[in-house]
Amino acid sequence: MIRPEDSHFKRLIWLLRGVIEPAPGKARIVLALCFGMVTHTTFAAAVVAMVVAMFFGMSKSLGTVPWPTAAFANALLLLQFPLVHSFLLSDVGSKWLVRLVPSPHGATLSTSTYAIIASLQLFALFTFWTPSGVIWWQAEGWAFYLMTTLYAAAWGLLIKASWDAGAEVQSGALGWMSLMRNVKPVFPDVPTTGLFRLIRHPIYVAFALTLWTVPVWTPDQLGLALVLTSYCLAAPLLKEQRLEKRFGQRFQHYKKDVPYAIPRCARGSRQLVKGLRQSLTRKPTGSE
């Protein structure tokens with residue numbers, strides 16, 4: 001059995017072994033596999049839709065609502081994600097999420113159900129957005145390669161932050177893989193390693209960076225970036241309330257030591273210099 005404090009790699013291996021050698025129960029296994037397929041298919045579709053749509057500054061998508069009605073439709077698409085996303089993370093929303101799947105497996109599959117809903121929301125936002133047709137700036141030449149590199153780096157940071165937080169939770173795999181083993185999901189411990197050593201909310205910060213490093217700028221992209229960046233800065237406040245309730249003083253100590261969203265570069269530099277000095281002044285083993 002895994003524990004919350006186990007490494008991410010160990011947790012994934014344990015879950016994957018449960019997929020290969022599931023606990024007996026044909027109906028439960030079929031349900032888990034179906035949820036797994038839907039979870040990761042919608043997750044992949046949402047990621048591809050986001051990457052492509054923002055790469056073109058929201059200037060290419062399938063939305064065909066006539067203007068000015070399109071402005072209202074786009075606003076609904078944009079607001080539905082942070083509103084529903086936040087609701088599902090609340091106490092009331094969590095209970096509602098469990099009831100979406102008939103018992104006795106609703107609680108076990110709640111993380112997968114949440115991932116499916118979030119993925120469908122993002123897919124709808126980035127696929128059915130109606131472009132304004134206005135392009136303010138489009139990178140060319142060296143600027144295109146620079147912005148593309150920054151855009152890819154921002155997505156790389158997001159992937160790294162998601163791994164540090166627990167890939168099985170972020171992708172929705174924890175629910176259906178736990179059901180394959182017929183065990184209660186074991187959530188990872190409060191993340192404090194990797195990018196979480198620098199700031200408390202690297203996932204939100206990394207996602208915000210993807211919004212501002214695109215090679216094409218339009219009114220659509222600016223509106224998207226402003227709204228979702230505001231959400232990325234405000235939503236963690238609610239998340240921290242849940243973490244303090246769950247982890248108590250451990251998270252409070254972590255909160256005091258690690259900044260909210262901007263790394264303490266000066267502090268990190270001092271720690272690096274201090275470490276180098278200690279390594280240079282330390283006597284070699286056996287020198288006495």
Side-chain angles (χ1 to χ4, degrees), residues 1-16 18 39 43 82 85-95 97-98 107-115 117-119 154-179 181 183-210 229 231-265 267-268 271 275:
M1 185 67 180
I2 56 172
R3 300 168 299 173
E5 62 271 20
D6 287 336
S7 67
H8 301 315
F9 186 74
K10 182 178 180 179
R11 294 172 58 84
L12 283 177
I13 293 298
W14 186 82
L15 289 169
L16 288 172
T39 298
F43 184 84
H85 200 67
S86 298
F87 168 73
L88 292 179
L89 289 173
S90 67
D91 292 337
V92 176
S94 298
K95 294 178 181 178
L97 197 63
V98 170
T108 302
L109 289 170
S110 61
T111 56
S112 297
T113 307
Y114 176 81
I117 295 174
S119 296
W155 279 103
L157 282 176
L158 182 56
I159 294 172
K160 169 60 175 170
S162 298
W163 169 262
D164 292 339
E168 71 276 23
V169 178
Q170 302 302 315
S171 65
L174 178 61
W176 74 268
M177 285 188 173
S178 297
L179 187 60
R181 276 190 170 271
V183 297
K184 182 179 179 180
V186 179
F187 287 84
D189 204 355
V190 55
T192 57
T193 60
L195 295 178
F196 286 86
R197 292 180 183 272
L198 303 177
I199 54 176
R200 300 200 299 271
H201 302 288
I203 293 179
Y204 286 98
V205 172
F207 181 66
L209 289 175
T210 66
T229 299
Y231 173 73
C232 288
L233 293 175
L237 296 175
L238 298 176
K239 180 179 181 179
E240 291 196 343
Q241 293 179 4
R242 297 191 298 271
L243 290 174
E244 287 186 6
K245 182 178 178 180
R246 181 180 175 187
F247 296 105
Q249 290 186 346
R250 289 182 56 216
F251 181 75
Q252 292 176 5
H253 293 318
Y254 168 71
K255 186 177 179 180
K256 291 179 181 179
D257 293 336
V258 181
Y260 187 74
I262 301 177
R264 294 171 184 162
C265 297
R267 178 185 177 187
Q271 290 178 339

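Model, not experiment: these values are computed from the prediction.
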Q. More than 12 heavy atoms of other residues, nucleotides or ligands under 6.0 Å from CD1 of I262: is that the case?
A.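 No, CD1 of I262 has 12 or fewer neighbouring heavy atoms, counting only those of other groups under 6.0 Å.
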
Roughly how far, to the nearest 0.5 Å, is [atom2] of [Y] from [atom1] of [X]?
X    : Y    : atom1 : atom2 : answer
W14  : F9   : CH2   : CZ    : 16.0 Å
R242 : D91  : CZ    : CG    : 8.5 Å
M177 : T39  : CE    : OG1   : 10.0 Å
Q249 : K255 : CD    : NZ    : 13.5 Å
E240 : L238 : CD    : CG    : 10.0 Å
Y204 : I199 : OH    : CD1   : 12.5 Å

Between the main-chain N or O of [Y] and the side-chain N or O of [X], is there a donor-acceptor pair closer than 3.5 Å?
X    : Y    : value
D164 : L195 : yes
T111 : G175 : yes
S112 : G172 : yes
R11  : V186 : yes

So which atom in [X] and which in [Y] form the shortest heavy-atom distance, rounded to 0.1 Å?
X    : Y    : value
A234 : Y260 : O-OH, 4.3 Å
L97  : L88  : CD1-CD2, 4.0 Å
S162 : Q170 : O-CG, 3.6 Å
P188 : G166 : CG-CA, 4.5 Å
S171 : F43  : CA-CE1, 4.1 Å
D257 : R264 : O-NH1, 3.1 Å

- [ ] Please work out whether the ring planes of H85 and Y114 are parallel, tilted or perpendicular, with thresholds of 30° and 60°.
- [x] tilted

Next item on the list: If the plane angle is over 60° it's perpendicular, under 30° parallel, otherwise tilted; pick one for Y254 and F251.
Entry: tilted

Between [Y] and [X], is there a side-chain heavy-atom distance shorter than 4.5 Å?
X    : Y    : value
L158 : I203 : yes
V258 : F196 : no
L243 : R200 : no
V205 : C232 : no

